[in-house]
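Here it is, the structure, as structure tokens.
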Amino acid sequence: MKPSILEADVLKDVKAAKPTLWINPNLDRWKAGDPDRPFSAEDVVDAGANWRRFAPLLARIFPELEVTDGIIESPLTEVPGARRELGYDTPDHGRLLVKADHDLPVAGSIKARGGIYEVFMFAEALARKTGLLTPDEALTALADDRMKSAFSAYTIAVGSTGNLGLSVGIAAKALGFQVVVHMSVDAKPWKVDRLTRIGATVVQHDTDYTSAVEAARDQADSDEKIYFVDDEQSKLLFLGYSAATLRLAAQLEEQEIPVDSDHPLFLYLPCGIGGAPGGITFGAKSIFGDNVHCFFVEPVQSPCALVQLMSRAARTVSVYEFGLTNKTEADGMAVASFSKFLAGTIGPMVSGVLTVNDDDLFRWLYILDECEGMRVEPSGTSGCAGPNVLTNTPMGRNYVSLQGLQGKMKNATHVIWTTGGRFVPDDQYRTFRERGRSIALASV
Ligand SMILES: Cc1ncc(COP(=O)(O)O)c(C=O)c1O
């Protein structure tokens with residue numbers, strides 16, 4: 001793709017903390033079977049198969065999964081009310097759907113897909129290596145008391161802004177592991193409380209996410225009984241997230257929604273360190289190739305993917321270098337430096353990065369609740385920006401024309417991936433909703 005003529009303007013917006021869209025001039029065409037890539041399409045399919053293998057075990061451990069036979073999944077739904085309220089009720093916008101990961105069972109956010117997957121993969125590998133699980137035993141044996149007492153000699157550690165900590169903590173505690181979660185300063189107190197209640201040790205840092213992860217990594221390095229879930233560079237997390245796209249593809253097919261060169265698919269993916277949106281981007285590309293267009297969404301004060309990818313630097317770039325604060329109510333996305341591993345792996349697959357301001361997150365939270373009865377936390381609503389930016393701004397139209405999509409946008413499917421919310425306590429949620437309501441009413 002030709003370099004975007006608007007990149008200098010985007011940089012001005014970034015520095016001024018104004019919502020913007022950066023189009024990735026280094027977007028590559030999808031090449032199936034690229035030998036330089038650390039993952040293949042088969043890895044995504046294998047991750048899907050692993051989730052299915054774990055399903056009976058998950059149903060045994062988490063009673064809420066009995067109704068779905070152990071499958072952790074969210075609906076893909078049309079949102080007619082929100083669509084009208086967001087101003088997307090025109091043919092120009094094509095279809096609008098929400099992939100409702102805000103309502104994922106067990107851990108209540110998209111981070112369940114990576115966190116639970118990695119913990120269960122580790123538990124299985126450990127049980128096999130130590131001979132606790134024999135080749136002819138079913139995986140459901142991992143929930144036996146003898147396993148729990150063996151696992152209790154090991155600690156699973158993680159650094160998190162909150163939701164990864166919750167998903168790793170819930171999964172690891174359920175299997176009997178000790179858990180230490182290093183939380184960044186941004187973590188919401190209710191996430192800390194919930195983890196403490198299930199018996200995890202929470203270390204609260206008064207520093208940002210990057211420092212919390214470093215502290216967790218250092219502690220794990222010093223002890224071979226500590227397994228560290230590395231949000232910045234874990235391949236297992238990445239693959240756990242990526243499997244979501246197999247289900248997305250099946251849901252689109254069930255709803256007879258085509259994705260092909262005449263029917264582009266747009267995904268709007270909230271981005272923190274980049275693992276969740278990165279895994280999903282990779283999975284989606286491996287299924288839909290160039291017919292899917294993946295956009296990351298970040299807070300105006302924490303656009304770490306944007307500055308990293310735009311700089312094209314080999315070193316890690318931080319939002320602080322651009323005069324930004326990394327302060328946002330979107331706790332899950334309060335990350336100052338993007339993962340280097342992800343920049344190299346999925347950088348060339350990301351169509352662009354949008355930034356959004358906090359007030360809009362709350363306004364969308366209110367709209368999704370009022371119109372669709374969806375309970376989404378602020379971080380999880382950011383994808384709502386996508387269809388408007390792609391359709392109605394000069395940068396968005398620039399992308400549409402560079403991709404040769406003019407005339408096809410009425411056939412497009414836009415998927416807003418809502419990523420967290422199910423477990424936000426009522427009083428906290430009411431405050432969010434009230435703030436969103438005031439902002440929404442002030443803007444009419
Ligand atoms: C609700 C929510 N959405 C999105 C993200 C972003 O995921 P990642 O940090 O893997 O980019 C997070 C991260 O914690 C989150 O909590």
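Just follow the structure's listing: the first ligand is 1, and inside any ligand the first atom is 1. Along the sequence shown, the residues carry numbers beginning at 1.
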Any chance NZ of K235 has more than 12 other-residue heavy atoms, nucleotides or ligands included, within less than 6.0 Å?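 Incorrect, the count does not exceed 12.
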Quick test of your reading of the model: are K111 and D231 salt-bridged, counting only N-O distances below 4.0 Å?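 The answer is yes: the pair qualifies as a salt bridge.
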Tell me the residues surrounding ligand 1, counting only those with a heavy atom closer than 4.0 angstrom, sorted by chain and number.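 Residues near ligand 1: K111, T161, N163, P270, C271, G272, I273, G274, G275, A276, P277, G332, S379, T419, G420.
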Any non-hydrogen side-chain atom of T281 less than 4.5 Å from a side-chain atom of L267?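 No. Closest side-chain heavy atoms not under 4.5 Å.
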Exam field: side chain Q233 to backbone S339, donor-acceptor pair closer than 3.5 Å: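 No; zero donor-acceptor contacts below 3.5 Å.
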Any carboxylate oxygen within less than 4.0 angstrom of a Lys/Arg side-chain nitrogen, looking at R437 and E434?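 Here R437 pairs with E434 in a salt bridge, since their nearest N and O are under 4.0 Å apart.
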Should K188 and E329 count as an ion pair when the cut-off is N to O under 4.0 Å?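 A salt bridge links K188 with E329.
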